[in-house]
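The first residue of the sequence shown is numbered 1, and numbering continues consecutively from there. As the structure lists them, so they are numbered: ligands from 1, and atoms in each ligand from 1. Reckoned from all heavy atoms, side chains included, excluding hydrogens, waters and symmetry mates.
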Amino acid sequence: MAYRNLEIGNRDAVRTITVNRPDKLNALNRDTLNELTLAFTQAAQDDAVRVVVLAGAGEKAFVAGADISEMHGYTPVQAQSFSRTGQKLMSSIERLGKPVIARIQGFALGGGMELAMACHLRIASEKAKFGQPEINLGLIPGFGGTQRLLRLAGRSAALELCLTGAPITAQRAYELGIVNRVTAVDALDETVHVLADQLAAAAPLAAAGILDAVLQGGETSIDQGLEFETQGFALAFSTEDMHEGTSAFLEKRKAEFKGK
Ligand code: COA
């Protein structure tokens, strides 16, 4: 399938999905949201894909937000549909069942920050800038920003970023727990590759169980979360990978996980 606004790359079990509208700083118009939805569905269904890296084309931006020129003419009904489409995409990324790493080299603003926050891990270059500037447009975040930022960084950071609309540096985003790692500009790709390869070599069903347990756990009571974890832990004993992993440890060799 050829995409107009995305580039898809494969390196072993790592799929890279790149938003490719660099002349618009990779702003998310409706077509791009639809293409991303399809690209993530395909990545979820393809057993050969164990990890997804999400990136933005060009030097300047990961994604500079939802497409303001498109939103400008929206009726409230169209805006509601746009918000729902964006939110569904973000939730589908979060629930992909495979680790998704955001590679962030420049602006991650508005919908771009929301997209990054829907990924499981965020690696940013020291030049990256994060922010929820919707208030400067007379808007509020519409792709989950108020909710995911609250959960990632707490109420006070969520309110500060959303109410001021002011961008923050990658280092500040790291301090707030929004990004996992900050790298030198030249080290970004290598850091993302090493992490992606590490995750791709891990047991896929265990990775899916961890994603599920942590995501569910963030939305429920400790007792329900612990019960969910127990069910996932027990389920892992039905997998070939669990037997391979424990046997490999006992036989002092490297495990080869098959996702079975
Ligand atoms: N929607 C639509 N187009 C966007 C965009 C967005 N969110 N962000 C950038 N662009 C477009 C610009 O309109 C410009 O297009 P043009 O060359 O056809 O005029 C192009 O991308 C380059 O952006 P420009 O503003 O010239 O770059 P800059 O380096 O001067 O500024 C930003 C960079 C990120 C500070 C600035 O583009 C910006 O503030 N963008 C909007 C951020 C935002 O509010 N996002 C939340 C939206 S809900």
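- Less than 4.0 angstrom separates atom 13 (O) of ligand 1 from none of the non-hydrogen atoms of the protein.
- Residue-to-ligand polar distances keep Gly110 apart from ligand 1: every N/O pair is separated by 3.5 Å or more.
- Of the protein's heavy atoms, none falls inside 4.0 Å of atom 31 (O) of ligand 1.
- Taking CZ of Arg122 as the reference point, atom CG of Leu152 lies at 5.0 Å (rounded to 0.5 Å).
- Considering backbone and side-chain atoms together, Ile68 places an N or O closer than 3.5 Å to an N or O of ligand 1.
- At a distance under 4.0 Å, a protein heavy atom can be found next to atom 44 (O) of ligand 1.
- The shortest heavy-atom distance from Gly111 to ligand 1 is not under 4.0 Å.
- Atoms CD1 and CG, from Ile104 and Leu54 in turn, are 8.5 Å apart once rounded to the nearest 0.5 Å.
- The nearest pair of heavy atoms linking Thr146 to Leu150 is O-CB, 3.2 Å.
- For atom 10 (N) of ligand 1, a protein heavy-atom neighbour is present inside the 4.0 Å cut-off.
- Note on Arg50 versus Asp12: no salt bridge recorded, every NZ/NE/NH1/NH2 to OD/OE distance being 4.0 Å or above.
- For atom 3 (N) of ligand 1, the closest non-hydrogen atom on the protein side is Ala27 CB, 4.2 Å.
- Between Val179 and Ala170, the shortest heavy-atom distance links the atoms CG2-O, 3.9 Å.
- Interface atoms of ligand 1 facing Leu109, defined by a heavy-atom separation under 4.0 Å, are 34 (C), 42 (C).
- Per-residue contacts place Pro133 under 4.0 angstrom from the following atoms of ligand 1 (heavy atoms of the residue considered): 43 (C), 44 (O), 45 (N), 46 (C).
- Separating the OG1 atom in Thr183 from the CD atom in Gln105 is a distance of 10.5 Å, to the nearest 0.5 Å.
- Between Glu134 and ligand 1, a contact under 3.5 Å exists for no N or O pair.
- Taking a distance limit of 4.0 Å, we find that atom 36 (C) of ligand 1 is approached by no protein heavy atom.
- Residue contacts with ligand 1 for Glu70 are absent, since no atom lies close enough (heavy atoms, distance under 4.0 Å).
- Both the backbone and the side chain of Lys24 come within contact range of ligand 1, each with a heavy atom under 4.0 Å.
- Using a cut-off of 4.0 Å between Lys/Arg side-chain N and Asp/Glu carboxylate O, Lys127 and Glu59 are scored as not salt-bridged.
- For atom 18 (O) of ligand 1, the nearest protein heavy atom lies closer than 4.0 Å.
- With distances taken over non-hydrogen atoms, the option nearest atom 20 (C) of ligand 1 out of Asp23, Asp67, Leu25, Leu28 is Asp23.
- Arg30 and Ser81 are linked by a side-chain donor-acceptor pair at a separation below 3.5 angstrom, with hydrogens and angles left out of the test.
- Checking atom 7 (N) of ligand 1 against the protein gives a heavy-atom contact under 4.0 Å.
- Put simply, atom 47 (C) of ligand 1 has protein non-hydrogen atoms near it, under 4.0 Å away.
- With Glu219 as the partner, the salt bridge (Lys or Arg N to Asp or Glu O under 4.0 Å) test is satisfied by one option alone out of Arg151, Arg148, Arg95: Arg151.
- For the pair Gln132 and ligand 1, no heavy-atom separation below 4.0 Å is found.
- In the vicinity of Met71, heavy-atom distances shorter than 4.0 Å reach the ligand 1 atoms 48 (S).
- From the protein, the heavy atom lying nearest to atom 27 (O) of ligand 1 is Lys60 NZ, 3.4 Å.
- By the neighbour-count criterion of 12 heavy atoms within 6.0 Å, atom OH of Tyr74 is densely surrounded, having more than that number from other residues, nucleotides or ligands.
- For CD of Glu256, the number of neighbouring non-hydrogen atoms (other residues, nucleotides, ligands) closer than 6.0 Å is 12 at most.
- Contacts between Ala64 and ligand 1, counted as non-hydrogen atom pairs separated by less than 4.0 Å, involve both the backbone and the side chain.
- Ion pairing between Lys24 and Asp67 fails under the 4.0 Å rule for side-chain N and carboxylate O.
- Remark: Arg11 engages Asp197 in a salt bridge, criterion side-chain N to carboxylate O under 4.0 Å.
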